[in-house]
Amino acid sequence: MTCEHCVRAVTEELSALPGVRDVAVALVPGGSSTVTVTSDAPLAADAVREAVDEAGYALDEAGGGR
């Protein structure tokens, strides 16, 4: 992610997942940004991956955002 538009796109897609109460993004332009999702119950990894993909991004292998 490189800008606030990126942050909004990822936040919007993740916030649409059932049970998500909060999404916080620590933006690191040109680096690996960190996304923290607070939810009522554990989220399926595939659902998170699909939401991030829908926003136009991908999870790195460690599970963090980029």
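The first residue in the sequence is number 1, and the count goes up from there.
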Quiz item: D46: what forms a side-chain contact (heavy atoms from CB on, under 4.5 Å) with it, not counting sequence neighbours?
Solution: R49, E50

Quiz prompt | Results of side chain to side chain donor-acceptor pair (under 3.5 Å) for R8 - residues two or more places apart only | solution = none

Show me, pair by pair, the donor-acceptor contacts under 3.5 angstrom made by side chains of residues 11-19, not counting sequence neighbours?
{"residue": "T11", "atom": "OG1", "partner": "V7", "partner atom": "O", "Å": "2.8"}
{"residue": "S15", "atom": "OG", "partner": "T11", "partner atom": "O", "Å": "2.7"}

Self-check item: Residue pairs involving residues 14-30 (criterion salt bridge (charged side-chain N to carboxylate O under 4.0 Å, His left out); sequence neighbours excluded)
Solution: R21-D40

Exercise. Enter the distance from D60:CG to S33:OG here, rounded to the nearest 0.5 Å.
Key: 10.5 Å

Practice problem: Show your working on side chain to side chain contact (heavy atoms under 4.5 Å, CB included) between T34 and V25 and close with a plain yes or no. | Solution: CA-CA 6 Å; T34 303; V25 179; over 6 Å; no

Quiz item: Who are the side-chain contact (heavy atoms from CB on, under 4.5 Å) partners of D53, not counting sequence neighbours?
Solution: none

